[in-house]
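Residue indices begin at 1 and follow the sequence shown. The model shown is predicted, which means the values in this text are computed figures rather than measured ones.
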Amino acid sequence: MSIESDHAAAAPDRSGEPVPDAAATQRSARRGRPDTHPATAAVRLMPSRPGPAAHPALPQPQLDVIHIHRLHVRGFHGVHDHERAEGQDFYIDADVWIDTRAAAASDDVADTLHYGHLMIALADIAGGEPVDLLETLAERLAAVTLAFAGPQAVRITVHKPQAPVNLDFEDVTVSILRFRPDDDGPVSTATGVGTPDQDARVGDPEAHGDDRNGEPT
């Protein structure tokens with residue numbers, strides 16, 4: 001049996017340039033050495049279908065997300081008297097959907113959600129007026145987030161790892177997803193200048209008794 005080269009002789013065309021042998025090209029492709037780069041081939045396959053429509057495995061478009069993870073607050077929420085008297089540790093997660101393209105272009109914090117201001121607002125709610133239920137606390141935290149200009153949706157998760165249940169467990173959480181109402185008026189990504197109190201507390205490690213810095217980097 002004869003062995004043919006992948007680069008078998010090719011007859012020149014009228015311009016004098018050799019024309020690749022079709023069978024050799026097919027053999028090369030089968031052996032994992034395509035003559036065309038895979039990215040180029042993909043573009044040629046679907047030149048008019050860019051983005052997610054080009055392939056079902058590609059992610060669908062969605063808004064950008066700002067994540068705040070495990071914001072620690074000492075609160076006095078719960079149905080038991082000792083919870084109201086002694087307090088316990090709560091942790092807040094916030095996933096905020098917002099368009100950050102204006103801020104990325106301007107490099108100006110006024111064009112996005114100032115996460116330092118949001119963290120202070122969340123801490124004030126969670127460390128403030130006690131409520132019986134985590135559901136009520138989560139709803140209030142979602143409402144204060146959507147009170148900022150820009151956020152289109154927010155997922156709030158409240159963690160209560162010291163819940164008074166005499167069993168071995170790691171955590172108890174309530175998670176809610178809330179959207180900005182359609183009739184909430186025009187939405188701008190700019191949050192504007194913070195209040196004097198917020199601006200003074202952002203970046204102040206003594207504001208909440210820890211060493212976390214709330215200033216965006």
Side-chain angles (χ1 to χ4, degrees), residues 50-53 58-75 77 89-131 133-160 171 173-217:
L58 291 175
Q60 296 300 308
Q62 67 172 25
L63 280 176
D64 313 312
V65 187
I66 295 175
H67 299 278
I68 296 173
H69 185 55
R70 291 187 69 82
L71 174 65
H72 176 216
V73 180
R74 188 74 178 179
H77 312 288
D89 295 327
F90 293 84
Y91 296 89
I92 311 300
D93 298 336
D95 300 328
V96 185
W97 280 264
I98 184 172
D99 190 337
T100 66
R101 287 175 294 183
S106 69
D107 198 27
D108 189 339
V109 70
D111 289 331
T112 187
L113 173 64
H114 193 309
Y115 59 74
H117 292 170
L118 175 59
M119 291 168 71
I120 290 172
L122 295 173
D124 284 346
I125 295 294
E129 179 187 3
V131 296
L133 302 179
L134 294 180
E135 291 85 346
T136 304
L137 178 58
E139 198 70 47
R140 293 184 178 185
L141 294 169
V144 76
T145 302
L146 293 175
F148 285 82
Q152 300 300 293
V154 59
R155 176 179 285 111
I156 294 289
T157 302
V158 181
H159 300 256
K160 189 178 181 180
D171 200 4
T173 68
V174 167
S175 184
I176 66 172
L177 177 63
R178 297 293 180 265
F179 298 87
R180 181 177 294 279
D182 291 337
D183 59 352
D184 203 23
V187 175
S188 167
T189 57
T191 59
V193 178
T195 65
D197 178 61
Q198 285 177 326
D199 287 332
R201 292 163 66 190
V202 168
D204 180 4
E206 301 298 326
H208 292 288
D210 59 27
D211 60 357
R212 286 185 290 269
N213 189 324
E215 184 64 28
T217 56

Which pair of non-hydrogen atoms, one from Leu122 and one from Ala94, has the smallest distance, and what is that distance? CD1-CB, 4.1 Å

Looking at Asp89, Thr173, Asp171, which hits side-chain hydrogen bond (donor to acceptor under 3.5 Å, both in side chains) with His159? Asp171

Under the rule for side-chain hydrogen bond (donor to acceptor under 3.5 Å, both in side chains), what residues qualify as partners of Asp64, not counting sequence neighbours? Thr100

Partner of Thr145 by side chain to side chain contact (heavy atoms under 4.5 Å, CB included), out of Val96, Asp95, Ile125: Val96

Output the distance between atom CG (Leu141) and atom CG (Asp124), rounded to the nearest 0.5 Å. 10.5 Å

Any donor and acceptor pair, going by atom type alone, linking the side chain of Asp93 with main-chain N or O of His69 inside 3.5 Å? no

Hey, does Ile176 have a side-chain heavy atom less than 4.5 Å from the side chain of Arg155? no

Can you tell me if Arg74 has over 12 outside heavy atoms packed within less than 6.0 Å of its CZ? yes

What are the two closest heavy atoms between Ser175 and Thr157, and how far apart are they? OG-OG1, 3.0 Å

If you define the side chain from C-beta out and look only at heavy atoms, does anything of Thr112 sit under 4.5 Å from Ile66? yes

Please find the pair of heavy atoms, one from Ala142 and one from Arg178, that lie closest to each other, and give the distance. CB-CG, 3.9 Å

Output all residues satisfying side-chain hydrogen bond (donor to acceptor under 3.5 Å, both in side chains) with Asp107, sequence neighbours left out; order by chain, then residue number. none

Nearest non-hydrogen partners of Ala121 and Val144, listed with the distance: CB-CG2, 3.9 Å

If the plane angle is over 60° it's perpendicular, under 30° parallel, otherwise tilted; pick one for His77 and Phe90. perpendicular

Measuring from Leu137:CG to Glu129:CD, what's the distance to the nearest 0.5 Å? 10.5 Å

If every non-hydrogen atom of Val174 is compared with every non-hydrogen atom of Ala138, which pair is closest and at what distance? CG1-CB, 4.5 Å

Do Ile92 and Ile68 pass the side chain to side chain contact (heavy atoms under 4.5 Å, CB included) test, and can you show the C-alpha distance, the side-chain angles, and the key distance before you say yes or no? CA-CA 8 Å; Ile92 311 300; Ile68 296 173; over 6 Å; no

Output for pair (Arg180 CZ, Trp97 CH2), nearest 0.5 Å, gives 14.0 Å

Closest non-hydrogen atom pair between Pro151 and Ile98, with its separation: N-CD1, 4.0 Å

